[in-house]
Amino acid sequence: MTKTTTYLENLNSVQERAVRHGDGPLLVLAGAGSGKTRVLTRRIAYLIEEKNISPRRILAVTFTNKAAGEMKKRITEMLSRDVALPWVGTFHSMCARLLRIEADWGWWTRDFTIYDMTDQVDLVKNCMGRLGISTTTFTPKSFLGEISRAKDILLTAEDYASRAGNHYEQTAARVYAEYEKGLRENNAFDFDDLIKEVVQLLRREPELGRSYAERFLHVLVDEYQDTSHAQYALVNLLSSVHRNICVVGDDDQSIYGWRGADITNILDFEKDHPDAVTLRLEQNYRSTAGILAAAHDVVSNNERRKEKELWTEREEGAPVRFTRVSNEYQEADEIRDLVLTLVSKRGLQPRDFAILYRTHAQSRVIEDSLRRAGIAYDIVGGVRFYERSEVKDVLAYLKVIVNPADAVSLRRIVNVPPRKIGDKTIERLEEFALDRGIPLYEALGMGGEVVGVGPAARTALGELRGMFDRLRRKVETTPVNILLDEVLDGSGYVAWLDGRRTEDTAQRLANVEELVSASSEFVEMSGEESLGAFLEQVSLVADIDRWEGEANTVSLMTLHNAKGLEFPIVLIPGMEDGLLPHESSFEDDEEMEEERRLCYVGMTRAMNQLHMFSADTRRRGGTTNLRSPSRFIHEIDESHLETVSTAVEQKRASRPGGGYGMRGRGRAGRGAGARGGAGSRGGAGSRGGAGARGGAGRSSGGSRGVFPDYENQSQEAVEFGPGTRVRHPSWGEGVIVGIAGHGGDMVVTVRFDEAGGVEKRIMLRYGKLTPVT
DNA sequence: TACATTGCGATCCGT
DNA sequence: TCGCAATGTA
């Protein structure tokens, strides 16, 4: 029984009690860095090994897919025999799975599509059009917010309508009803629906609900402080028979109120479950005593919290360092200098640093500064890869193949590339489909019967329909990556993209190629070849899921994305009133408390050093605003804080501009060239992965670039240009023949001799190219 | 139907 | 400052 010691090993007494807790509700209040993930995984292993509970009767819900993956990995390592794994996933992935399994019970089929924000906006716009509601007086986004909030608290369109008071709400109610109708017609769910629909299904079909509740002997929920009301209802439903519900969380780290999370869930757990056992994990294993005390100074100003005080056996450590600078450029330079100094003098690695900010917009200036210094960095989030317009276009083709009812996706690509099917044609076709009560997809082949559709359009429609029918016949038998190639070929999408001579063509092609490799990677990694599975994965990945965290790079991300992570050195720029706390929270005490918790989350990510920065002026949009240091800084006791103020007039040397650096060049290029196409978003990239490599070369036209030297983490950059030999993990060795773009968005064309001389365009930021020395 | 120009609006966090 | 949507024109 060596395994018994494995999962009880190195646990403190409270952790052990949590792991060995028997039956009944359990609330684990787990402070930052108190080992809650460890408790959860050990407990699951304990239940399986010691209590002989079948893994399939355990359900564990995590906040991100990444966390789910890690949990599965750790559980596997702990189990002695080769047993199945419990059901571990996010609320959204779990619900999507359940809805596919139980598709026979509802109006949807197992091939349903999941709509992201862009799709939702498209659909709402369409609904508003149908209802004759102008999109200028009320924006589609505001209605979506309203609908989303309603769904989070399980209000159907009818429920919502019955409560609608003013004109705005009454209009929203009409849109909501139409939107729901649209989702059904399209065989689609939005994110909120995934949860709401499962709750409704399990309530509507009591025997089905009962069978799930019977099945799950144990339900465990991580990050319980960030669950919505709908998720709360779901958890209660699934644990209603055996009542073995174990929730883990920290009310001080509830930061998703704006997304429907209800902190009451965790605050009232003991009220909901009077027989609940509550355990407090208060020993912190992460941060120095000084950092912990400073973080506590801040969060203890909140009214609405369960009092707790973390403690640590660690040393006091360095005080929190607060640096006040004059503007964001100086801030970026301070950050750069700090990294450079600590790397060269203290032997720290780039991977030891995290830069955590309130808003994505802050990353640009910092990126520029790091890139120019040759510091390798990796940015999480921003403009998301799967939301780039060319990627969405290609995905829309795939979605239609799987789910032809998906009119939102169909509409998106019906004339992309242009095939002489104009707005008027589509409008008539939609009307026709609506009249006949048939899906838009069906109508594609019936152009001849639609009045006002000319012969050219009719032929084009027929051909499109023919292509989809052909691809649909192959969908069951063809792996997704092969199918994707056929789509790109058959639709003429790549040819069209390639033929356009706009400035960002190369980048767009590179993104499409990246999608192709993502699909191959998916097939390789998961062993799953179905298109539906790929699309589901793509729909539900979060930015942070794509972050590998293994490359030796400085990590840049929002404070929200940093939840659950830790770094030896944490830097928080933008500690200013208006930014953190964000100005939108000034009027509302609850929101202000959430900002404070967000600050607390950021601070408690730090293991050894915490550096905070504020700028006296910051440019936002076109105007420069005066800023003062965050009120949260003032809440930190002086004994834990060391304030540094850099002289206002020094160090302005590296402001971008003058054609050096990506901002300057980008502007010049855009002005001279053609207009960026619809949905084009240059600039900061999205993807996790090995991260942004390469910087703008100094010569004009971007004919040269630099690879930061990762291995030696020195600032020595490896320069490259046409003729440089490089290596790619899948294409082998090759030679650079062309360079386009600039900065992190630089795209190089490489001729791969090992792959028979094929030329590929590869984006540097994806980090797959390494110089051959 | 496709493309260019102009003007407006937004910029907080994200499954 | 920028991107995008609504307009106007070939």
Side-chain angles (χ1 to χ4, degrees), chain A residues 61-68 89-96 114-117 120-121 125 134-136 139-141 145 148 151-152 189-195 223 226-228 230-231 255-261 356-362 364 380-384 386-387 389 415-426 454 456-457 460 500 502 539-545 557-563 574 578-586 591 594-595 597-598 601-602 619-624 663 666-667 670-671 674-683 686:
Chain A
V61 192
T62 58
F63 195 70
T64 62
N65 292 299
K66 191 173 172 293
T90 62
F91 275 106
H92 291 93
S93 66
M94 174 188 109
C95 289
I114 299 168
Y115 280 171
D116 67 14
M117 191 54 113
Q120 294 184 58
V121 171
K125 270 188 200 157
S134 148
T135 51
T136 45
T139 64
K141 268 233 162 104
S148 174
K151 288 182 177 181
D152 278 336
F189 292 108
D190 63 27
F191 285 113
D192 307 305
D193 271 338
L194 293 173
I195 319 290
E223 307 282 10
D226 281 322
T227 48
S228 68
Q231 292 167 341
I255 55 174
Y256 282 99
W258 54 274
R259 205 174 75 187
L356 311 178
Y357 35 77
R358 179 64 175 81
T359 69
H360 285 298
Q362 291 168 256
R364 252 346 211 299
V380 177
V383 185
R384 306 172 78 209
Y386 287 118
E387 282 170 14
S389 69
N415 200 32
V416 181
R419 15 175 109 83
K420 313 231 180 280
I421 304 171
D423 293 341
K424 216 64 235 144
T425 305
I426 297 166
R500 297 183 349 152
T502 55
S539 303
L540 296 178
V541 282
D543 287 326
I544 192 69
D545 294 332
M557 66 184 85
T558 60
L559 288 159
H560 283 89
N561 269 143
K563 189 167 83 159
L579 204 50
L580 183 64
H582 196 269
E583 58 199 348
S584 59
S585 66
F586 285 171
E591 284 178 41
E594 184 155 308
E595 294 293 306
R597 291 192 293 266
L598 191 55
V601 166
R619 217 161 66 188
R620 196 184 155 204
T623 52
T624 302
R663 286 175 83 90
R667 209 183 297 120
R670 236 177 303 251
R675 165 187 175 271
S680 152
R681 303 158 146 195
S686 50

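A note on names: the letters A, B, ... follow the listed sequences, proteins ahead of strands, and every chain is numbered from 1. The shown structure was predicted, so the numbers you read here are calculated from the model rather than taken from an experiment.
With a 4.5 Å cut-off on side-chain heavy atoms, A/Thr425 and A/Asn415 do not count as touching. Between A/His560 and A/Trp258, the closest side-chain pair of non-hydrogen atoms falls below 4.5 Å. In this structure the side chain of A/Leu559 never reaches within 4.5 angstrom of the side chain of A/Val601, judged on heavy atoms.
For A/Gln362 and B/dC12, the CD to P distance is 11 Å, given to the nearest whole Å.
Side chain of A/Asp226 to backbone of A/Ile255: a donor-acceptor contact under 3.5 angstrom is found.
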Below 3.5 Å is the cut-off: list the nitrogen or oxygen pairs between protein and nucleotides 13-15 of chain B, distance only.
unit_1: B/dC13; atom_1: OP1; unit_2: A/His360; atom_2: N; d: 2.5
unit_1: B/dC13; atom_1: O4'; unit_2: A/Arg358; atom_2: NH1; d: 3.2
unit_1: B/dC13; atom_1: O2; unit_2: A/Trp258; atom_2: NE1; d: 3.0
unit_1: B/dG14; atom_1: OP1; unit_2: A/Thr558; atom_2: OG1; d: 2.9
unit_1: B/dG14; atom_1: OP1; unit_2: A/Asn561; atom_2: OD1; d: 3.1
unit_1: B/dG14; atom_1: OP2; unit_2: A/His360; atom_2: NE2; d: 2.9
unit_1: B/dT15; atom_1: OP2; unit_2: A/Arg384; atom_2: NH2; d: 3.2
unit_1: B/dT15; atom_1: O3'; unit_2: A/His92; atom_2: ND1; d: 3.4
unit_1: B/dT15; atom_1: O2; unit_2: A/His92; atom_2: NE2; d: 3.1

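Taking A/Asp152 as the reference, nothing meets the salt bridge (Lys or Arg N to Asp or Glu O under 4.0 Å) condition, with sequence neighbours excluded.
The two residues A/Glu595 and A/His582 come nearest to each other via the heavy atoms OE1-N, 2.9 Å.
Projected onto DNA chain B by closest heavy-atom contact, A/Arg419 and A/Glu583 fall at different nucleotides, the more 5' of which corresponds to A/Arg419.
Across the C1' atoms, C/dC4 and B/dC13 are found 22 Å apart, a figure rounded to whole Å.
Looking at the side chain of A/Ser584, the nearest of the listed nucleotides B/dA2, C/dT1, B/dC12 is B/dC12.
At the heavy-atom level, A/Ser585 lies nowhere under 4.0 Å from the strands shown.
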